[in-house]
Every structure is written in structure tokens, then in C-alpha cells.
S.K.: 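A single structure is presented below for examination.
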Amino acid sequence: MNQNLTKHTKVLIIGSGPAGYTAAVYAARAMLNPILVHGMEPGGQLTTTTDVENYPGFAKVIQGPWLMDQMKDQAKAVGTEMIEDHISSVNFKSKPFEAIGESGKKYTADSIIISTGAQARWLNLESEKKFRGFGVSACATCDGFFFKEKTVAVVGGGNAAVEEAMFLTKFASKVKLIHRRDKLRAEKMLQKKLMDNKKIEIIWDSVVEEIVGDENPKNVKGLKIKNVKNNNISDLKIDGLFIAIGHDPATQLFKDQLKMDKEGYLITKPDSTETNVPGIFAAGDVKDKIFRQAVTAAGMGCMAALEAEKYLAS
């Protein structure tokens, strides 16, 4: 391969997942011949979600990885060029915009759609990795349904953790909220709702040391938790664990080039996917910390492609 290879496109899509693939479908159908650059594991967070019941159009339960494969194949079928590469630097200060891949390839583009997504923060325990998808989850709206009449625990103390705990009471018979401090960071109104809910018990000043479970079939049975004040370790019987300590958007690459909030989410204009740089659009979890659903990400991917088309036409 010629290392000086430069590829030019009208629309460059950085990142896959529902946002990137949907943007690609719309851009390709608008005859814009988009190039989509994805990393080693295309498909984003949905590839780590097994059963998907809330994506419209499927009466039966579908698998997250299958849904992403379908979207990828659809984007390809209508004319998207897919390239596996890792974008290591970008220049949005002059036109055409530039993105440099680790492969040494340089991509130039008249418009760019960013759909690099976000990752849930994890506790980074060995046992957590082992049971991820088998009783350990970072998404109550995705997986809460599977814990009907069971006991679950949520780790965290912010709005997300409290909302997850509240949501889980629809299914679980008991929800234990584990927080490392002696007070919550969540909004007061949410805290009041939480305290009023008989199904929820808060375990203060505690951290998860280990997740315990069976090997075959793989499932979670309990936790070892440590009290941070006296270092006592105790056992807690649960059927599922939800980690709600926040998400990190994949936006390091765009620091100093695009406006973002203090958590690193890209800021777009109201009712639009356009960033502060005209011609650069952001779709999906990279700009959305509220909904974070596959269907909303796909919707934004559609918006971004339509906005890019309009931008290019003018």
C-alpha cells in the first residue's frame, strides 16, 4: 500500500454503531458516496448487549451484534465504503477537513459526521469482566426486564444510579443501591423519590470488592462488599449487578477543535447535529448523555446525514 495514500470523500463518517451506520445509509442513498471508518470492533456498545427487545421493527427478541451486522451490511449495500482504521488525529481548522489514520492513510472530506459513541465506566474488577452480560450490566433500560422478582444491586450515587435503581423496581423485588460515600450526589427530588421507595435499600460507605457466581451456566449469585470506614467485608446475595458510575464519550480526538461540555460530550446546535464548526456533525452517544438508546442514536445519524447533504448543496 502506498503510505501517502489520500482518500477524498464528500462525507466522512468516523465511528460505527447505530448512529454511524444510519448516517451512512442516508448519505449513500443521497449519492454522496460516504466513507465510514470504524475501529477494530465495529458496532459500538450494542455488540456487548445480547438480547435487544426495544429496537422498533422486531416483534421477537433480537441480538445486539446481529442488529449491528445488519445495519453494517445495509450501509454497504447502498454504497458506503467501509474502512477499518483508527483515526489518530484530525484537523478541522481548514478545508477540506483532514483525518489521519493509524494506517498512515489520510482522509480528506468536505463534511464529517462524528459517531464515535461512549463507553460505560466500569469498576475494572476481574470478576466484573467475567460476568459482563451474564448478570453484570451497565444499562438498566436494556437489561432490567430479565430480573423480574429478583434481587439486584446498583453501584453509584449520582442521578444515573438513582434513576437506574428506581427503574429497576418495576421488575426486581428488591434493589440495593451501593454507594461509596455517606450521601448521594443525585438531585434532591430524585433522592426523595428513592427514599420513599420501599423496594430500595441503600448500602452506604461501601464498594464492591468482588462479584461471585456460578461457572456453568454463568450467572451472578452475590457480591463481596467492603465498608470503606472500617474495612469490613460482607457478603450480599443478589441476582444481578448494574454499574451506574457514568459514561465517557470517545471525544479525546476532538479536544481543542470542537466545543464540548465539561464531561467531554460534543455540543451541537439546538434541534440539530451541527457542531460549532459548520460542516462537522455529531450523532449518537458522542453528544447525547440523556437518552443513550440505539433508536435515538439511529435517529440522530439520519439527521446528521440530511444536514450534511444540505450543507454540501449550499
Side-chain angles (χ1 to χ4, degrees), residues 44-45 48-49 54 116-125 127-129 131-133 135-145 147 151-172 174-211 220 223-229 236 238 240-252 259-268 282 284-294 296-297:
Q45 296 181 78
T48 59
T49 305
N54 55 10
T116 44
Q119 289 89 30
R121 286 186 207 134
W122 296 95
L123 302 173
N124 295 324
L125 302 169
S127 53
E128 172 191 53
K129 283 193 195 90
F131 289 107
R132 203 179 290 178
V136 173
S137 168
C139 180
T141 37
C142 315
D143 301 321
F145 181 78
F147 295 94
T151 301
V152 295
V154 176
V155 178
N159 283 354
V162 171
E163 279 166 0
E164 301 262 279
M166 301 284 298
F167 177 81
L168 287 164
T169 60
K170 291 185 189 174
F171 310 104
K174 192 94 187 124
V175 178
K176 295 172 191 285
L177 182 68
I178 302 166
H179 186 43
R180 60 190 170 163
R181 298 191 184 87
D182 56 7
K183 56 177 179 290
L184 301 170
R185 296 190 311 280
E187 292 162 13
K188 293 288 176 276
M189 237 179 84
L190 274 175
Q191 290 197 35
K192 186 183 174 334
K193 278 186 174 167
L194 182 87
M195 305 296 180
D196 290 346
N197 195 313
K198 300 278 181 280
K199 280 188 174 183
I200 300 172
E201 176 196 337
I202 304 176
I203 301 171
W204 301 109
D205 302 315
S206 297
V207 294
V208 175
E209 287 278 282
E210 197 190 339
I211 295 146
V220 171
L223 303 173
K224 289 199 179 305
I225 52 176
K226 180 171 93 173
N227 183 303
V228 292
K229 295 214 161 141
L236 191 63
I238 55 153
L241 177 66
F242 290 84
I243 315 293
I245 53 175
H247 283 73
D248 294 310
T251 54
Q252 266 318 104
K259 274 194 184 137
M260 38 184 89
D261 69 10
K262 59 181 193 299
E263 293 167 78
Y265 288 87
L266 296 178
I267 295 169
T268 57
D285 286 15
V286 78
K287 63 140 285 185
D288 166 31
K289 57 183 170 193
I290 297 169
F291 303 108
R292 286 203 287 263
Q293 297 300 307
T296 46

S.K.: Using the side-chain contact (heavy atoms from CB on, under 4.5 Å) criterion, which residues pair with Glu210? Sequence neighbours excluded.
M.R.: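 Once residues adjacent in sequence are excluded, the partners of Glu210 under the side-chain contact (heavy atoms from CB on, under 4.5 Å) criterion are Ser127, Lys224.
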S.K.: Show the nearest heavy-atom pair for residues Ala165 and Leu177, with the distance to one decimal.
M.R.: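 The pair with the smallest heavy-atom distance is CB-CD1, 4.4 Å.
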S.K.: Examine distances only and state if a side-chain atom of Asn159 and a backbone atom of Glu187 form a donor-acceptor pair shorter than 3.5 Å.
M.R.: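 Yes, the answer is positive, given that a donor and an acceptor are paired below the 3.5 Å cut-off.
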S.K.: Can you list everything that forms a side-chain contact (heavy atoms from CB on, under 4.5 Å) with Phe145? Sequence neighbours excluded, please.
M.R.: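 Phe145 satisfies side-chain contact (heavy atoms from CB on, under 4.5 Å) with Glu53, Lys148, Phe171 only.
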S.K.: Sub-3.5 Å donor-acceptor pair from the side chain of Asp182 to the main-chain atoms of Asp205, do we have one?
M.R.: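 Side chain of Asp182 to backbone of Asp205: no pair is present.
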S.K.: Judged by atom type as modelled, is there a donor-acceptor pair below 3.5 Å linking the side chain of Lys176 to the main-chain atoms of Ile203?
M.R.: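 No, the answer is negative, given that no donor and acceptor are paired below the 3.5 Å cut-off.
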S.K.: Drop me the distance from His247's NE2 to Asp288's CG, to the nearest 0.5 angstrom.
M.R.: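 Taking NE2 in His247 and CG in Asp288, the distance rounds to 10.5 Å.
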S.K.: Starting from the C-alpha separation in whole Å, work towards a yes-or-no answer on side chain to side chain contact (heavy atoms under 4.5 Å, CB included) for Val152 and Val175.
M.R.: CA-CA 5 Å; Val152 295; Val175 178; 3.9 Å; yes
S.K.: Measure the shortest side-chain to side-chain distance between Ile243 and Arg121 over non-hydrogen atoms and say whether it is less than 4.5 angstrom.
M.R.: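 Of all side-chain heavy-atom pairs linking Arg121 with Ile243, none is under 4.5 Å.
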S.K.: Closest heavy-atom contact between Leu223 and Ala153?
M.R.: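 Scanning both residues, the minimum pair turns out to be CD1-CB, 4.1 Å.
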S.K.: Which value, rounded to the nearest 0.5 Å, describes the distance between Thr268 atom OG1 and Lys259 atom NZ?
M.R.: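 Here the rounded value is 12.0 Å.
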S.K.: So, the side chain of Gln293 versus the backbone of Phe291: is there a donor-acceptor pair under 3.5 Å, distance only?
M.R.: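 Between the backbone of Phe291 and the side chain of Gln293 there is a qualifying donor-acceptor contact (under 3.5 Å).
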S.K.: To the nearest 0.5 Å, tell me how far Leu123 CG sits from Ile211 CD1.
M.R.: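 It comes to 6.5 Å.
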S.K.: Work out which heavy atom in Gly158 is nearest to a heavy atom in Arg185; give both atom names and the distance.
M.R.: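 For Gly158 and Arg185, the tightest heavy-atom pair comes out as N-NH2, 3.5 Å.
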S.K.: Below 4.5 Å, heavy atoms only, C-beta onward: do Trp204 and Leu184 meet side chain to side chain?
M.R.: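 Side chain of Trp204 against side chain of Leu184, heavy atoms only: contact under 4.5 Å found.
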S.K.: Residues two or more places apart in sequence or in another chain: which of them pass side-chain hydrogen bond (donor to acceptor under 3.5 Å, both in side chains) with Ser206?
M.R.: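 With sequence neighbours excluded, Ser206 shows a side-chain hydrogen bond (donor to acceptor under 3.5 Å, both in side chains) to no residue whatsoever.
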S.K.: List the steps and the verdict of side chain to side chain contact (heavy atoms under 4.5 Å, CB included) for Val155 and Arg180.
M.R.: CA-CA 9 Å; Val155 178; Arg180 60 190 170 163; over 6 Å; no
S.K.: After noting the C-alpha distance and the side-chain angles of Val162 and Met166, does the key distance pass the side chain to side chain contact (heavy atoms under 4.5 Å, CB included) rule?
M.R.: CA-CA 6 Å; Val162 171; Met166 301 284 298; 4.2 Å; yes
S.K.: Check whether any side-chain heavy atom of Gln191 lies under 4.5 Å from a side-chain heavy atom of Lys183, and answer yes or no.
M.R.: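 Contact flag for Gln191/Lys183 side chains = no.
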S.K.: What's the shortest heavy-atom distance between Ala161 and Val154, and which atoms?
M.R.: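 Shortest heavy-atom separation between Ala161 and Val154 comes out as O-CG1, 3.7 Å.
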S.K.: Are more than 12 heavy atoms from other residues, nucleotides or ligands located less than 6.0 Å from atom NZ of Lys192?
M.R.: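 For Lys192, atom NZ is not crowded (no more than 12 foreign heavy atoms under 6.0 Å).
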S.K.: Starting at CG of Leu190, measure out to NZ of Lys188 and round the result to the nearest 0.5 Å.
M.R.: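 It comes to 10.5 Å.
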S.K.: Could you tell me if the ring centre of Phe167 sits under 6.0 Å from that of Phe242?
M.R.: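 No, they do not, as the ring centres are separated by 6.0 Å or more.
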S.K.: Taking atom CE of Met195 as the centre, report whether more than 12 heavy atoms of other residues, nucleotides or ligands fall under 6.0 Å from it.
M.R.: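 It does: Met195 CE has more than 12 such atoms within range.
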S.K.: Within this structure, what is the CD1-NE2 distance for the pair Ile245 and His179, rounded to the nearest 0.5 Å?
M.R.: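 The CD1 atom of Ile245 sits 11.5 Å away from the NE2 atom of His179.
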S.K.: Working to the nearest 0.5 Å, report the span between CD1 of Ile178 and CD1 of Ile202.
M.R.: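 Those atoms lie 11.5 Å apart.
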S.K.: Would you check if the side chain of Lys287 reaches a backbone N or O of Ala282 as a donor-acceptor pair within less than 3.5 Å?
M.R.: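 Side chain of Lys287 to backbone of Ala282: no pair is present.
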S.K.: Just wondering, are more than 12 heavy atoms of other shown residues or ligands nearer than 6.0 Å to CZ in Arg132?
M.R.: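 For Arg132, atom CZ is crowded (more than 12 foreign heavy atoms under 6.0 Å).
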S.K.: So, Glu164 side chain and Ala244 main chain: donor-acceptor pair closer than 3.5 Å or not?
M.R.: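 Answer holds: no.
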S.K.: Looking only at heavy atoms, what is the nearest atom pair of Val136 and Val220, with distance?
M.R.: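 Looks like CG2-CG2, 4.0 Å.
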S.K.: Would the distance check show the side chain of Arg292 and the main-chain N or O of Lys289 forming a donor-acceptor pair, the cut-off being under 3.5 Å?
M.R.: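 Confirmed, Arg292 side chain pairs with Lys289 backbone.
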